[in-house]
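Below is one structure, written out as structure tokens; the observations come after it.
Just so it is clear: chains get the letters A, B, ... in the order the sequence lines come, proteins before strands, and each one is counted from 1.
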Amino acid sequence: MKAPTRPSPLEALDTTDERLVLRRGALGSLANALARIRSGDIGTLPIIVGIVLVWALFGILNPVFVSSTNLGNLLVQSASEGIIALGIVLVLLVGEIDLSVGSMAGVGSSILGVGFVVHGWPLSATVAVVLAAGAVVGLAYGLVFIHFQVPSFVITMAGLLALLGLQLVLVGQTGSINIPFSSSIVRFMEKDVLPHLVSYVAAAAIAAGYAGVSWARARRRARAALSSRSVASILVPSVALLAGLEFACWYVNRAGGVSDAFVVFAALVAVMDFLLRRTHWGRAVYAVGGSREAARRAGINVTAVYLSVFLLCAMFASLGGMFLAGWLGASSTEAGTGNVNLDAIAAAVIGGTSLFGGRGSAYSALLGVAVIQSIANGLDLLNLSSAQQFMITGGVLLIAVIVDSISQRARRAHGRA
Amino acid sequence: MHPNDGRATAATARPILALHGISKAFGAVQALRDVSLELWAGEVVALLGDNGAGKSTLVKILAGVYSPDAGAIEINGQPVSITSPADSRRHGLAIIYQDLALCENLDVVANLFLGRAEGRLLLAEESMERQSWALLRSLSAKIPSVRTPVASLSGGQRQTVAIARSLLGDPPIFVLDEPTAALGGAQTAEVLKMIRQLRDRGHGVIVITHNLADVRAVADRAVVLFLGRNNGIFDVREVPPETIVAAITGLNGHAKGQPAEASAGASTP
Ligand SMILES: Nc1ncnc2c1ncn2[C@@H]1O[C@H](COP(=O)(O)OP(=O)(O)O)[C@@H](O)[C@H]1O
Ligand SMILES: [Mg+2]
């Protein structure tokens, strides 16, 4: 009698179907990636290409654009818009929209001005009140959406007007409340950066964290007799990540340094990405976005998913509003108006989150806002008027939507619609 | 609750599922009126009826999607109320819908474990993927990868995923709404084989179908609905197909609210 043989790595449980085309090793990974792109599974590729093109273009037109100082500024400028876009990503994932994030940010900024400056509340209490205001508004949207089945764009459009009114009431008399330059919130937005050493250690920790998580996952899969990544295919991207992050820190540290506000934004993106990919809640969000009816019948608490998503979106918007106030050094009736709303939505879409639900990731807020802010910043450096900025940003949004739609067609042609 | 627990014991004296006098109206449309049905462990009941007879409505009541206006549901002789899909599943019912109810953006593993993903705080991906492979293999299912989105699968593969999904909790009762409607010959035979397997393992199965050949192939009894009412319960092996067709089309004269049991082949397995 033959002793049972252990499955060799080539016979992992998930690679035994004879119709699978297996490609192994580093060249195999590359071939797999190319095959995926051809079938419309383009992931973050277009957005990365887009960022490179934008930076190359503005760098050629005005070398100041790629200076350490300017790229450092870009990080700060991205923080408030990025946090707002992160909320938009969540509502888009369930196939809904919140058109009032700009006004919600305006209200957050106004509460900061009235509470923190006029009434002298401590910063922590002010932050709590601002977040609570966002939570109340988001909860209200969610409840109206669930109980009256009104489309979310209508509810949030009504909310946009109501919040705009509230913002006028809060800062109305003067039209603007200046926040002292010495205050903690303005310092946080305009001056506070990671100490250089901390930034290098943090960059190393991120790369080590990536490698560690990937390795632990490969171990778990191997133990479950599933195919897993080889050590080399984990090490190569980890080292590349390490080199990239350390270089970026060094480059930005030559001037201002890595803004604390940006670090907060990036950390929020990482946390949301983790929650979306690894938790039951995140899985439920994608399920509702893919098919609300299928999710409901499977016993997923669809009501709770919608409530949580609207709630988080409005809270991120109110938090983004505080960042905005700190950055502008004032709470004005202008805060959150103009292009804040549409820029946040455009950032989420340009970053690769589908308008139709179920597809996208938290990182699309980071990537999308990088494109939007790079364009705004670059056009500023070229002394273009905001009229031209609007038109160019609109064009970029259109290109992003067209790329999305082309890749969707490729997915459908390859049966991955 | 394990399907084999109660076999050949005193529990067999009761049907595992019994509906009494179920009624449901949508506005002016009386979709179901005083409908009764029994299902025993280890049998396949075909639920028949013309379009609009109320079959899907009855399934959705069992699924906890609709609540009945009147009537009672008993599981193993115990009255239960099914007010949500979670309720339905907790009472041991597995529902497979006509439209399969899959999330196309999610992969096969996520769809198999939709609504019951494993893991305490974080998703236990490896455990779920392992079970997915084991399950699909036990059904001799051909799925190239459990990590591709369901959108990339063929119709038959999707049906397999839907049936495999309902098998996961090993529920005692299966309800399949037109499982073969969209399938070709070979795939239909495959699904019917799967249904027979379920019965032989001691599960009770309700199959909705339009196809009398399917009924003769797998069903023990046929329950016919006509315009939302019971219109006969037949022992498939003893009653000629013409009788069942007459009941489906309402030509057997029992359609006017007569107690349906009167025409039954009065059979319990
Ligand atoms: N959600 C609903 N709203 C209104 N009428 C419905 C609804 N669902 C079903 N009906 C009606 O109830 C009747 C039975 O439908 P259904 O159960 O789908 O029949 P079957 O599945 O037997 O073809 C039909 O007249 C249908 O139009
Ligand atoms: Mg039907």
Subject >> chain A contacts, top residue of B:Ala101, B:Ser132, B:Ala124 (heavy-atom pairs, under 4.5 Å) >> reply: B:Ala101
Original post:
So how far is it from B:Leu32 CG to B:Lys24 NZ, rounded to the nearest 0.5 Å?
Top reply: 9.5 Å
Original post:
With a 4.5 angstrom heavy-atom cut-off, which part of A:Arg277 approaches chain B: side chain, backbone, both or neither?
Top reply: backbone
**OP:** Find the one option among A:Ile300, A:Leu275, A:Thr279 whose heavy-atom pairs under 4.5 Å with chain B are most numerous.
**Re:** A:Thr279
Original post:
Of the listed residues (B:Gly64, B:Cys103, B:Ala110), which shares the most heavy-atom pairs with chain A below a 4.5 Å separation?
Top reply: B:Cys103
Subject >> Results of side chain to side chain contact (heavy atoms under 4.5 Å, CB included) for A:Ser152 - residues two or more places apart only >> reply: A:Glu96, A:Ile97, A:Phe145, A:Phe310
**OP:** Please look at A:Arg217 and chain B and tell me whether the side chain, the backbone, both or neither of the residue comes under 4.5 angstrom of a heavy atom of that chain.
**Re:** both
Subject >> Those residues that, when tested against A:Trp281, pass side chain to side chain donor-acceptor pair (under 3.5 Å) (two or more places apart) >> reply: A:Ser308
Original post:
Pick from B:Asn111, B:Leu136, B:Ile95, B:Leu123: which one has the most heavy-atom pairs with chain A under 4.5 Å?
Top reply: B:Leu123
Original post:
Between the main-chain N or O of A:Asp273 and the side-chain N or O of A:Arg278, is there a donor-acceptor pair closer than 3.5 Å?
Top reply: no
Original post:
Can you check whether B:Gly49's main-chain N or O pairs, donor with acceptor, with B:Lys55's side chain at less than 3.5 Å?
Top reply: yes
Subject >> Heavy atoms of other groups near A:Phe148 CZ, more than 12 under 6.0 Å >> reply: no
**OP:** Specify which of B:Ser127, B:Gly119, B:Ala86 makes the most heavy-atom pairs with chain A at under 4.5 Å.
**Re:** B:Gly119
Subject >> Residue part contacting chain A, namely of B:Leu122, when any heavy atom lies under 4.5 Å >> reply: both
Subject >> Region of B:Leu121 in contact with chain A, defined by heavy-atom distances below 4.5 Å >> reply: backbone
Original post:
Checking B:Ala63 against chain A: side chain, backbone, both or neither under 4.5 Å from a heavy atom?
Top reply: neither
Original post:
Going by distance alone, is a donor N or O of one side chain under 3.5 Å from an acceptor N or O of the other, for B:Asp177 and B:Ser56?
Top reply: yes
